[in-house]
Visitor: 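Before we start, here is the structure in question, set down as structure tokens.
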Amino acid sequence: MRYLPVFAMALALAACAAPSTGPRGSSSPSLSGPLTADALVGAAPSAITARLGEPDFRRSEPHAEIWQYAGGDCSLFVYFYETDGGALGSRYVDARKVEGGAASKEACLSAVMAKRNTPVS
């Protein structure tokens, strides 16, 4: 229940966010090397799941999905949009503090990985 305000704010921000200007359908099949928030953009859901595991919360919308990963005092959100080919690819990553407001994407990603005991590289 305490994540509800954070999730609502993230959804509001996602409605305003434009998808990446990169070519549609260009999802990377894997996330190799050190993991950064920027590396998550353009990745396929399977690649993100392989590195971060299943999300703590998943919301499906027509042609889109939002995944939430809890990182202790923050939540990391990954926004997926359907490509021309029908596959989902991540187009935006955001981090929010549990008490509200923006959080550092990199610090939140590190907190998510530490919580899940995921190696950085």
Side-chain angles (χ1 to χ4, degrees):
M1 194 59 138
R2 69 181 202 199
Y3 291 108
L4 188 57
V6 173
F7 186 67
M9 182 175 286
L11 285 177
L13 287 172
C16 297
S20 169
T21 57
R24 291 183 60 131
S26 62
S27 296
S28 65
S30 65
L31 292 170
S32 58
L35 191 57
T36 65
D38 286 341
L40 296 174
V41 176
S46 60
I48 292 175
T49 301
R51 290 296 296 268
L52 296 180
E54 289 295 323
D56 296 305
F57 181 82
R58 183 185 314 226
R59 179 180 176 124
S60 294
E61 297 286 337
H63 312 290
E65 282 191 15
I66 303 167
W67 290 8
Q68 178 187 5
Y69 289 92
D73 63 348
C74 65
S75 291
L76 185 75
F77 295 90
V78 182
Y79 298 86
F80 296 92
Y81 295 95
E82 199 172 274
T83 64
D84 291 334
L88 289 175
S90 65
R91 296 292 177 249
Y92 183 71
V93 174
D94 192 23
R96 308 300 293 172
K97 296 176 186 173
V98 171
E99 66 272 4
S104 163
K105 294 175 192 176
E106 297 303 328
C108 193
L109 177 59
S110 292
V112 167
M113 292 188 308
K115 184 177 177 184
R116 294 170 180 266
N117 297 318
T118 303
V120 174
S121 56

Visitor: Any idea which heavy atoms bring Gln68 and Ser75 closest together, and the distance?
Guide: NE2-OG, 2.9 Å

Visitor: What residues, two or more places apart in sequence or in another chain, satisfy side-chain contact (heavy atoms from CB on, under 4.5 Å) together with Ala111?
Guide: Cys74

Visitor: Check whether any side-chain N or O of Glu106 sits under 3.5 Å from a backbone N or O of Ala37 as a donor-acceptor pair, and report yes or no.
Guide: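 Indeed, once roles are kept as given, a pair shorter than 3.5 Å links the two residues.
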
Visitor: State, yes or no, whether a side-chain contact exists between Arg91 and Thr83 at a heavy-atom distance under 4.5 Å.
Guide: yes

Visitor: Less than 4.5 Å apart, any side-chain heavy atom of Arg116 and any of Asp56?
Guide: yes

Visitor: Is the closest side-chain heavy-atom distance between Val93 and Leu109 below 4.5 Å?
Guide: no

Visitor: Taking side-chain contact (heavy atoms from CB on, under 4.5 Å) as the definition, give me every residue that meets it alongside Ala107, ordered by chain and number, with sequence neighbours left out.
Guide: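 Testing Ala107 for side-chain contact (heavy atoms from CB on, under 4.5 Å), a comparison that skips the adjacent residues, returns Ser104.
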
Visitor: Closest heavy-atom contact between Ala95 and Leu76?
Guide: CB-CD1, 4.3 Å

Visitor: For Phe80 and Ala43, work out which heavy atoms get closest and say how close.
Guide: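 Smallest interatomic distance, heavy atoms only, reads CE2-O, 4.0 Å.
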
Visitor: With no hydrogens and no angle check, is any side-chain donor or acceptor of Ser90 less than 3.5 Å from a backbone partner on Tyr79?
Guide: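 No; judged by distance alone, with no hydrogens or angles, the pair does not exist.
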
Visitor: Just how far is it from atom CG of Leu40 to atom OH of Tyr92, taken to the nearest 0.5 Å?
Guide: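 Going from the CG atom of Leu40 to the OH atom of Tyr92 covers 13.0 Å.
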
Visitor: Could you go through Trp67 and Leu52, starting from their C-alpha distance and side-chain angles, then the distance that decides it, and tell me whether this counts as side-chain contact (heavy atoms from CB on, under 4.5 Å)?
Guide: CA-CA 11 Å; Trp67 290 8; Leu52 296 180; over 6 Å; no

Visitor: Closest heavy-atom contact between Lys105 and Asp94?
Guide: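 Where Lys105 meets Asp94 most closely, the heavy atoms are CE-CA, 4.2 Å.
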
Visitor: Which residues pass the ring pair (Phe, Tyr, Trp, His ring centres under 6.0 Å) test with Tyr69, sequence neighbours left out?
Guide: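 Checked Tyr69 against ring pair (Phe, Tyr, Trp, His ring centres under 6.0 Å); zero matches.
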
Visitor: Hey, could you give me each pair passing salt bridge (charged side-chain N to carboxylate O under 4.0 Å, His left out) that has a residue in residues 64-74? Not counting sequence neighbours.
Guide: Arg58-Glu65

Visitor: When rounded to the nearest 0.5 angstrom, what is the spacing between CE in Met113 and CZ in Arg51?
Guide: 7.5 Å

